Amino acid sequence: MGDGIYQVIYTLVQAVPFGQVATYGQIARLAGCGARQVGYAMAAVKAPDIPWHRVVNSRGAVSTRSVGAPDPEQRRRLEEEGVLFDPFGRVNLAVFQWSGPDGSWWIEKGMEPPLLMPTPSNN
DNA sequence: CTGATGACGAGCG
DNA sequence: CCGCTCGCCATCA
């Protein structure tokens with residue numbers, strides 16, 4: 001296993017609990033990179049132990065892939081975990097969004113929690 | 001080595 | 001709400 005931004009992203013995604021979701025932007029802030037990179041990282045997922053389906057966009061929707069439509073598999077897996085979708089195909093983030101790792105999680109991974117002060121914008 | 005490519009999101013009109 | 005622009009990483013041919 002290497003080190004590198006993708007590795008950090010994957011480690012964070014693996015921490016998202018069953019039945020909950022995280023947004024690309026949320027993972028990005030935690031990883032200290034841009035939301036775009038998180039999208040790239042998810043597109044490159046190879047290992048089966050990474051719950052990529054629990055990552056949705058900021059509106060709570062399964063994001064559209066290059067084919068012009070979202071991967072039905074993602075929504076199917078989430079519904080299997082008990083995640084509900086509204087008529088617009090969106091998850092209620094107020095209910096299902098992951099709160100993020102607690103302080104000790106970072107220590108266990110030998111990492112440091114991101115600084116709160118600089119609220120990273122996009123990128 | 002070079003270049004194409006891919007699952008986002010904030011800000012602005 | 002809609003439709004731009006821009007940021008700039010890892011992987012594969």
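This is a predicted model, so every value here is computed, not measured. In what follows, every chain begins at residue 1, and chains take the letters A, B, ... in the order their sequences are listed.
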>> I'd like to know if A:Arg77 pairs up with A:Glu81 as an ion pair, taking the criterion as any Lys NZ or Arg NE/NH1/NH2 lying under 4.0 Å from an Asp or Glu carboxylate oxygen.
In response: no
> Side-chain contact, heavy-atom cut-off 4.5 Å: A:Asp86 with A:Asn92?
Replying inline: no
> Rounding to a whole Å, what distance do you find between A:Leu93:CG and B:dC8:P?
Replying inline: 15 Å
>> Holding to side chain to side chain contact (heavy atoms under 4.5 Å, CB included), I want the full list of residues that pass it with A:Ala47, two or more places apart in sequence or in another chain.
In response: A:Asp49, A:Ile50
> Does CZ in A:Arg59 sit with more than 12 non-hydrogen atoms of other residues, nucleotides or ligands closer than 6.0 Å?
Replying inline: no
> Cluster partners of A:Leu84, using ILVMFWY side-chain heavy atoms under 4.5 angstrom, listed by chain and number?
Replying inline: A:Val21, A:Val56, A:Val62, A:Leu78, A:Val83, A:Phe85, A:Val91, A:Leu93, A:Val95, A:Phe96
> Between A:Ala41 and A:Gln26, who's closer to the 5' end of DNA chain B by nearest nucleotide?
Replying inline: A:Ala41
>> Between the side chains of A:Glu73 and A:Arg76, is the shortest nitrogen-to-carboxylate-oxygen separation below 4.0 Å, so that they form an ion pair?
In response: yes
> Taking atom P of B:dC8 as reference, at what distance in whole Å does atom CZ of A:Arg90 sit?
Replying inline: 16 Å
>> Just N and O in the side chain of A:Ser58: are any of them under 4.0 Å from OP1 or OP2 of B:dC8?
In response: no
For nucleotides 9-13 of chain C, give me every protein contact, N/O to N/O, under 3.5 Å, one pair per line with atom names.
unit_1, atom_1, unit_2, atom_2, d
C:dC9, O4', A:Gln37, OE1, 2.8
C:dC9, O2, A:Tyr6, OH, 3.2
C:dA10, O4', A:Tyr6, OH, 3.3

> What integer distance in Å separates A:Ile9:CD1 from B:dC8:C1'?
Replying inline: 11 Å
> Roughly how many Å is it from CG in A:Leu30 to P in B:dG9, rounded to a whole number?
Replying inline: 14 Å
